[in-house]
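Written out below as structure tokens is the structure these notes cover.
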Amino acid sequence: MVSVFDKVRGQEPAISTLRRAISSGRVHHAYRFEGPDGVGRERAALALGCALLCEEQPDGCGVCRSCKRVLQFSEEEPNVPLHPDVILIGRALYPPGMIGGKSEAMGISVEQIRRLVLSRVGYAPHEGKALVVIIRGAHELTTSAANALLKTLEEPIARVHFILITNSPGRLLDTVRSRTQAVRFSPLPEPILRKILEAQNIDTTAVDIADGSASVAIALSQDDVSRERDDYIDALNAAIDAPTLAPAIALNDGKAKDRTNLREKLDAFAQHLSERTRAAVATDPQGAATLARRYEIVTQSMNHLERNAQPALVIEGMVRELRRS
Ligand SMILES: [Zn+2]
């Protein structure tokens with residue numbers, strides 16, 4: 001039988017610890033998931049939530065009504081799991097109005113713990129099976145918030161489970177650390193990291209410098225993408241102003257063959273032109289009119305691209321028109 005735990009990749013020791021606890025019926029009341037960001041700790045915490053709440057199988061099917069609502073997050077703020085018996089805690093996760101108007105610049109406030117956790121742990125779970133409290137970035141608990149939690153960590157309540165996620169266990173209060181059971185997560189091996197990113201259609205260029213962290217790899221590749229776009233915008237502007245068409249032709253080297261990538265770059269260029277147009281309207285109406293015309297040319301070129309015109313021809317034609325504008 002497929003289990004939701006099978007979807008947490010590259011963390012076999014941690015996952016087998018959790019599966020053993022489930023099959024022996026001895027799930028600890030408070031775990032501490034330690035390890036770097038972006039390696040699957042939160043995914044594993046949600047998988048454990050599924051296992052505790054699943055309607056179909058002890059190790060969590062991942063697809064029943066219960067599991068789905070554990071794994072699916074609300075699209076509106078706060079972005080937390082839809083299941084009423086999974087409480088996600090994290091700094092600045094909730095609008096201030098929900099936590100007594102308190103700023104959380106210093107960390108997870110005691111108000112968040114009081115209103116969202118302590119108000120619930122004394123009562124039966126909404127749907128009966130268990131109540132799962134996941135604390136994202138648990139080292140960001142303020143001292144008063146951590147102290148407010150201590151009693152429930154000390155005196156376990158039946159069917160209430162805590163999972164404290166942290167990349168800095170040393171920053172937790174000793175009293176919190178001593179009452180939670182550590183489960184260690186490691187950096188992801190490169191081939192697994194690559195597969196995870198590929199499965200989500202995310203650029204894998206930064207995999208080897210990401211220290212085994214999916215979130216770092218994603219952040220690095222986005223930096224790369226935005227730098228690449230900025231460079232393209234500069235190159236296009238230079239091609240428009242250049243004395244000859246040579247720079248425009250040079251823009252068509254290899255990279256322009258990737259249609260999606262090119263469409264994204266043209267979109268970025270169109271946005272750049274529209275921002276410049278808005279900025280010029282008051283001070284330089286004539287310049288603004290030129291920029292607006294250029295914007296039209298770029299969006300038309302994007303349409304040509306949509307209709308499967310040759311990317312290289314589209315770019316060359318576009319730069320020719322832009323130069324005349
Ligand atoms: Zn299920």
Side-chain angles (χ1 to χ4, degrees), residues 1-35 38-90 93-94 116-117 119-138 152 156-165 180-185 188 192 195-201 214-215:
M1 240 180 326
V2 177
S3 155
V4 66
F5 284 111
D6 298 329
K7 300 209 170 112
V8 185
R9 282 180 283 191
Q11 300 294 352
E12 281 71 20
I15 295 306
S16 57
T17 300
L18 297 175
R19 295 185 87 146
R20 261 198 316 276
I22 289 162
S23 59
S24 65
R26 276 196 285 253
V27 179
H28 201 266
H29 77 284
Y31 286 106
R32 187 171 77 244
F33 285 9
E34 301 181 0
V39 301
R41 295 163 309 164
E42 189 166 313
R43 188 174 275 254
L46 292 168
L48 182 57
C50 283
L52 292 165
L53 295 163
C54 184
E55 296 159 8
E56 299 294 333
Q57 64 192 61
D59 57 355
C61 68
V63 290
C64 72
R65 207 176 79 93
S66 239
C67 287
K68 267 192 198 149
R69 285 177 303 150
V70 174
L71 299 173
Q72 201 187 336
F73 280 46
S74 158
E75 278 169 22
E76 285 150 34
E77 261 198 289
N79 305 116
V80 295
L82 294 176
H83 200 297
D85 291 327
V86 176
I87 302 172
L88 182 62
I89 295 298
L93 188 57
Y94 294 88
L116 298 169
V117 183
S119 67
R120 286 288 307 281
V121 293
Y123 302 94
H126 280 302
E127 297 184 8
K129 294 195 80 170
L131 182 70
V132 183
V133 181
I134 300 172
I135 306 184
R136 182 192 278 169
T152 43
I157 301 167
R159 296 184 296 161
V160 177
H161 299 270
F162 284 88
I163 304 161
L164 279 64
I165 299 176
T180 47
Q181 183 180 316
V183 177
R184 296 199 172 81
F185 289 73
L188 294 167
I192 290 180
K195 272 191 201 138
I196 291 172
L197 296 185
E198 277 168 0
Q200 298 178 60
N201 273 327
S215 50

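Atoms within each ligand, like the ligands themselves, are counted from 1 in listed order.
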Could you list the donor-acceptor pairs under 3.5 angstrom formed by side chains in residues 38-53, with sequence neighbours left out?
unit_1, atom_1, unit_2, atom_2, d
Arg41, NE, Pro36, O, 3.3
Arg41, NH1, Gly35, O, 3.0
Arg41, NH1, Thr166, O, 3.1
Arg41, NH2, Asp37, OD1, 2.8
Glu42, OE1, Arg136, NE, 2.8
Glu42, OE2, Arg136, NH2, 2.9

- Note on the structure: Minimal heavy-atom distance between Lys129 and Cys54, with the atoms involved, is NZ-O, 2.6 Å

- Message: With side-chain contact (heavy atoms from CB on, under 4.5 Å) as the criterion, how do Phe162 and Ile89 come out once you've worked through the C-alpha distance, each side chain's angles and the decisive distance to 0.1 Å?
- Response: CA-CA 11 Å; Phe162 284 88; Ile89 295 298; over 6 Å; no

- Query: Are more than 12 heavy atoms from other residues, nucleotides or ligands located less than 6.0 Å from atom CD of Gln200?
  - Reply: yes

- Item | Spacing of CD1 belonging to Ile196 relative to NZ belonging to Lys7, to within rounding of 0.5 Å | 13.5 Å

- Message: For a distance under 2.8 Å, give residue and atom name for each protein N, O or S atom next to the Zn ion (ligand 1).
- Response: Cys54 SG, Cys61 SG, Cys64 SG, Cys67 SG

- Item | Over all atoms of both residues, closest heavy-atom pair of Ser16 and Pro13 | OG-O, 3.2 Å

